[in-house]
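Keep in mind the model is a prediction, meaning the values are calculated, not measured. Side chains included, hydrogens not; waters and symmetry mates left out as well; all remaining heavy atoms used.
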Amino acid sequence: MNGTKADMKIYTLKYKNGGRKAKLTEEQFKKLEEIMINESFLNTRKIHEIIKKEFNIDYSTSRIPVIVKKLGYSYKKGYILYFKMPNDAEIILKKN
């Protein structure tokens, strides 16, 4: 391209509606989000199983993180909270 307006119009028209339609509808995305809120400790495999079971749609496991990101979530490493831990445990540990 040499940067003329005509070239730019062709470029924008060519890629205007690129990409494949999503397999899940907007309603299904909302339902998936509700399910994810009620579940705990989800990973790619569990989300894949939920989508397959609830909506009978088989995504590849490499596509699941994209769906999670589209819903506004991200993957984080889980950590254990000890219910018997005293409230001032951080202060006690700093003293030692």
Side-chain angles (χ1 to χ4, degrees):
M1 270 196 293
N2 60 9
T4 65
K5 285 186 178 184
D7 289 337
M8 295 305 284
K9 285 183 183 178
I10 292 170
Y11 181 77
T12 55
L13 288 175
K14 184 177 178 183
Y15 295 105
K16 184 175 181 182
N17 290 324
R20 187 175 183 176
K21 277 183 103 175
K23 292 180 184 178
L24 290 174
T25 64
E26 289 300 320
E27 293 173 3
Q28 290 172 328
F29 272 113
K30 289 177 185 175
K31 186 173 180 183
L32 177 62
E33 186 173 17
E34 289 174 10
I35 293 169
M36 287 174 61
I37 289 170
N38 294 326
E39 294 285 328
S40 59
F41 299 109
L42 292 172
N43 59 20
T44 303
R45 188 177 303 135
K46 286 183 182 179
I47 295 171
H48 181 264
E49 290 171 2
I50 290 169
I51 292 173
K52 195 169 184 177
K53 182 178 142 190
E54 291 289 324
F55 309 114
N56 199 23
I57 296 174
D58 191 17
Y59 277 106
S60 68
T61 52
S62 63
R63 186 72 183 153
I64 302 300
V66 176
I67 294 169
V68 170
K69 189 173 181 180
K70 183 177 180 181
L71 291 173
Y73 295 99
S74 63
Y75 285 103
K76 307 241 177 178
K77 184 173 182 175
Y79 58 94
I80 299 171
L81 291 175
Y82 296 100
F83 66 93
K84 292 183 179 180
M85 183 171 62
N87 292 335
D88 59 345
E90 290 181 16
I91 297 169
I92 294 170
L93 290 173
K94 284 183 182 177
K95 288 180 183 177
N96 293 333

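Checking side-chain atoms of Gln28 against main-chain N and O of Thr25 turns up a donor-acceptor pair under 3.5 Å.
Here CG of Leu32 is found 9.5 Å from CD of Glu34. Values are rounded to the nearest 0.5 Å. Between the CD1 atom in Ile47 and the CZ atom in Arg63 there is a gap of 13.5 Å [rounded to 0.5 Å]. The CG atom of Leu71 sits 11.5 Å away from atom NZ of Lys30, with the distance rounded to the nearest 0.5 Å. Going from atom CD1 of Ile51 over to atom CG of Asn56 covers 12.0 Å, rounded to the nearest 0.5 Å. Remark: Met36 CE to Glu33 CD distance equals 7.5 Å, nearest 0.5 Å. Atoms CD and CG, on Glu49 and Leu42 in that order, are 10.5 Å from each other to the nearest 0.5 Å.
Applying the side-chain hydrogen bond (donor to acceptor under 3.5 Å, both in side chains) test to Ser40 and every residue at least two apart in sequence or in another chain returns nothing.
Ile64 and Tyr59 get closest at one heavy-atom pair: CD1-CB, 3.9 Å. Nearest approach of Ile37 to Tyr73, heavy atoms of both residues: CG1-OH, 3.5 Å. Closest approach of Lys23 to Ile57, counting heavy atoms only: O-CD1, 3.5 Å. The heavy-atom pair separating Ser74 from Val68 by the smallest distance is N-CG1, 4.3 Å.
A cation-pi arrangement is absent between Lys46 and Phe41 under the rule of less than 6.0 angstrom and at most 45 degrees off the ring axis.
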